[in-house]
Number of protein chains: 2
Amino acid sequence: MSGRRERMNQLVARKIGTEILKGERPPGSGFRGEIEEADAWGVSRTVYREAMRSLIAKGLIESRPRRGTHVRDPHHWNLLDLDILSWILSDEPDPAFSGEIFELRAIIEPAAAAMAAQRRSDAHLARMEDALNQMERAGLATDEGRLADRAFHAAIFDASGNNFFIALSAPVEAAVGMTTRFKQENQAEPRDSLPDHQAVFAAIAKQDADAASRTMAKLVTLAWDDMRLAVGPRD
Amino acid sequence: MSGRRERMNQLVARKIGTEILKGERPPGSGFRGEIEEADAWGVSRTVYREAMRSLIAKGLIESRPRRGTHVRDPHHWNLLDLDILSWILSDEPDPAFSGEIFELRAIIEPAAAAMAAQRRSDAHLARMEDALNQMERAGLATDEGRLADRAFHAAIFDASGNNFFIALSAPVEAAVGMTTRFKQENQAEPRDSLPDHQAVFAAIAKQDADAASRTMAKLVTLAWDDMRLAVGPRD
DNA sequence: GAAACCTCATTTGTATGAGTATATAGGCAC
DNA sequence: GTGCCTATATACTCATACAAATGAGGTTTC
């Protein structure tokens with residue numbers, strides 16, 4: 001996948017971060033001293049400290065002289081960080097988790113689409129159209145097609161003009177992609193979502209904010225339904 | 001304010017991070033080598049590297065052997081990180097920025113309130129009530145009252161039961177607090193927002209999701225109006 | 001002449017050992 | 001008990017050395 005080999009400090013950060021997110025290191029629990037801990041991981045204190053520095057920056061832990069290093073309350077975790085998301089979804093996709101991400105998406109994306117309808121430039125529109133064409137050409141069964149799908153949604157977020165929505169774009173779409181990737185593999189004949197996308201595009205092109213919101217809400221809802229169907233009926 | 005003295009690595013991270021966010025170090029621009037840069041900041045290479053490790057974790061920069069260290073595209077910046085928010089708002093509150101944060105809030109909070117109405121426990125409700133009483137007793141002119149205000153909104157986010165909304169709570173409320181703090185100081189007779197809060201509370205208590213959404217939307221809109229009025233009419 | 005390969009220099013990454021700063025706990029005087 | 005002091009554990013900072021990665025440019029090979 002990623003061509004460059006992972007560095008030691010990243011590896012340790014990922015390992016410890018994953019332990020925290022999986023609950024193996026509960027909030028409030030402490031770490032041993034740096035020398036001891038670094039030794040246990042088979043790395044130098046330099047590497048161990050840089051790894052911890054990353055986790056501190058993501059809100060997972062905090063450390064103070066004399067008190068030691070402790071896992072912070074989940075309330076402080078930067079859940080929308082891309083690394084943290086990938087650490088959470090490292091093994092199997094949790095159904096509860098994907099439900100929550102879709103719930104967020106169902107709120108964010110229609111609003112972003114409405115804003116995009118009002119503020120989009122021609123350049124934004126062109127990006128969306130390119131993405132749609134790419135989706136049609138490649139199909140959603142291919143990596144290329146899914147990439148185009150993400151590009152379409154990213155273009156909408158960008159067109160919203162709101163930097164916070166833009167910042168939300170990457171983690172939300174990434175999480176959705178991660179939780180639905182296996183869906184495409186399992187589902188025999190996935191529903192064709194291209195018409196839904198085209199309806200959103202048309203609304204944004206017409207600068208019809210209301211229609212953009214409605215069509216996007218429908219798109220997300222349908223995707224959500226597909227997801228639930230693929231993951232197996234539970235409720 | 002914060003009792004503990006800031007460590008060197010945090011200080012350097014804050015300084016450089018602020019330079020990036022203020023545009024003094026544009027995306028794509030590179031840093032000098034570690035030895036040279038650390039020397040310029042008057043710290044050891046260890047401290048400089050740990051500072052950079054924090055900025056990497058927040059998505060502001062990236063570094064690779066031989067290529068050096070560069071500012072990443074704003075698209076990758078973790079804008080909802082509490083540190084980054086405080087760095088952005090370090091000197092004067094930008095009106096465009098506060099407009100965007102209110103725009104996000106106007107989307108997120110009504111949805112959170114609706115979800116809270118459906119899922120809140122009695123404990124959540126008690127927290128909201130306590131916060132309301134505290135607001136009434138202390139008044140929004142005091143730090144204590146504003147703290148209670150934040151607690152009220154935080155309780156709603158928690159009651160939503162969605163971890164992503166909970167994760168959004170802290171940065172959104174913090175940013176709102178930062179941009180509106182000076183409003184309370186400047187505005188001679190700020191509007192009493194307590195009734196708006198009580199209406200939201202009543203709707204959540206009744207488990208009326210629709211009313212919760214509507215009352216919260218109203219609350220945010222009114223706060224937004226106040227904000228625009230205080231910051232001076234622009235449009 | 002083009003392509004694969006190799007060498008080298010530059011930059012970040014890792015290791016180690018020493019010393020400093022800071023906050024907690026416990027003792028001591030009052 | 002209350003306030004102050006001291007000891008100590010822990011993270012923080014420093015300096016130096018070496019290792020690994022990578023991009024550039026030259027070299028061989030066909």
Side-chain angles (χ1 to χ4, degrees), chain A residues 1-17 19-20 25-73 76 83, chain B residues 1-17 19-20 25-73 76 83:
Chain A
M1 188 69 79
S2 63
R4 299 194 301 282
R5 183 177 147 199
E6 191 178 38
R7 302 287 188 273
M8 280 312 252
N9 62 54
Q10 303 174 42
L11 184 145
V12 173
R14 180 169 57 78
K15 294 276 194 191
I16 297 180
E19 287 182 2
I20 294 173
R25 290 184 182 270
S29 67
F31 290 81
R32 290 165 289 175
E34 291 179 344
I35 11 32
E36 198 176 351
E37 202 75 44
D39 203 50
W41 286 96
V43 296
S44 69
R45 281 207 323 291
T46 309
V47 164
Y48 175 75
R49 276 187 58 82
E50 289 189 8
M52 296 310 255
R53 199 50 59 194
S54 296
L55 299 183
I56 290 172
K58 293 179 188 304
L60 291 181
I61 62 174
E62 67 185 339
S63 71
R64 291 156 64 185
R66 172 76 212 208
R67 266 183 60 89
T69 305
H70 298 265
V71 177
R72 295 185 78 183
D73 189 89
H76 295 101
D83 291 327
Chain B
M1 187 67 79
S2 64
R4 300 195 301 282
R5 186 176 147 200
E6 190 178 39
R7 302 287 186 275
M8 278 315 243
N9 62 52
Q10 302 175 44
L11 186 144
V12 172
R14 181 170 56 79
K15 294 276 194 192
I16 297 180
E19 287 182 2
I20 293 173
R25 290 184 182 272
S29 68
F31 291 80
R32 290 165 288 174
E34 292 179 341
I35 10 36
E36 198 177 350
E37 202 75 44
D39 203 50
W41 286 96
V43 295
S44 70
R45 200 168 149 231
T46 309
V47 164
Y48 175 75
R49 273 186 60 85
E50 289 189 8
M52 297 309 255
R53 202 47 64 194
S54 295
L55 299 183
I56 290 172
K58 293 177 188 305
L60 291 181
I61 62 174
E62 65 184 342
S63 71
R64 290 158 62 185
R66 173 77 212 208
R67 268 184 58 92
T69 305
H70 298 265
V71 177
R72 296 185 78 182
D73 189 88
H76 295 100
D83 291 326

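Both backbone and side-chain heavy atoms feed into the values below; hydrogens, waters and symmetry mates do not. The shown structure was predicted, so the numbers you read here are calculated from the model rather than taken from an experiment. Lettering of chains follows the sequences in order, A, B, ..., and the numbering in each one begins at 1.
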Practice task
Find the distance between NZ (Lys58(B)) and CG (Asp83(A)) and round it off to the nearest 0.5 Å.
Solution key: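 These two atoms lie 12.0 Å from each other.
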Side chains of [X] and [Y]: does their closest heavy-atom pair fall under 4.5 Å?
X        : Y        : value
Glu36(B) : Asp39(B) : no
Glu6(A)  : Arg14(A) : yes
Asn9(A)  : Arg53(A) : no
Val47(A) : Trp41(A) : no

Tell me whether the side-chain N/O atoms of [X] come closer than 4.0 Å to OP1 or OP2 in [N].
X        : N       : value
Arg49(A) : dC12(D) : yes
Ser63(A) : dT10(D) : no
Arg64(B) : dT11(C) : no
Asn9(A)  : dG13(C) : no
Ser44(A) : dT14(C) : no

In whole angstroms, how far is the [atom2] atom of [N] from the [atom1] atom of [X]?
X        : N       : atom1 : atom2 : value
Met52(B) : dT11(C) : CE    : C1'   : 13 Å
Asp39(B) : dA15(D) : CG    : C1'   : 12 Å
Ile35(B) : dC18(D) : CD1   : C1'   : 15 Å
Phe31(A) : dA9(D)  : CZ    : C1'   : 18 Å
Glu34(B) : dT11(C) : CD    : P     : 11 Å
Glu50(A) : dA15(C) : CD    : P     : 10 Å
Arg67(B) : dG13(C) : CZ    : P     : 13 Å
Ile61(B) : dG13(C) : CD1   : P     : 10 Å

Exercise for the section: Taking all non-hydrogen atoms of both residues into account, name the closest pair between Ser54(B) and Ala57(A) and its distance. Expected result: O-CB, 3.8 Å
Practice task
Mark yes or no for whether Arg72(B), through its side chain, and His70(B), through its backbone, hold a donor-acceptor pair below 3.5 Å.
Solution key: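 No, the answer is negative, given that no donor and acceptor are paired below the 3.5 Å cut-off.
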Fill in the blank from the handout: Counting primed atoms, P, OP1 and OP2 as sugar-phosphate and everything else as base, the B/S/- map of nucleotides 17-22 of chain C against protein heavy atoms under 4.0 Å is BB---B
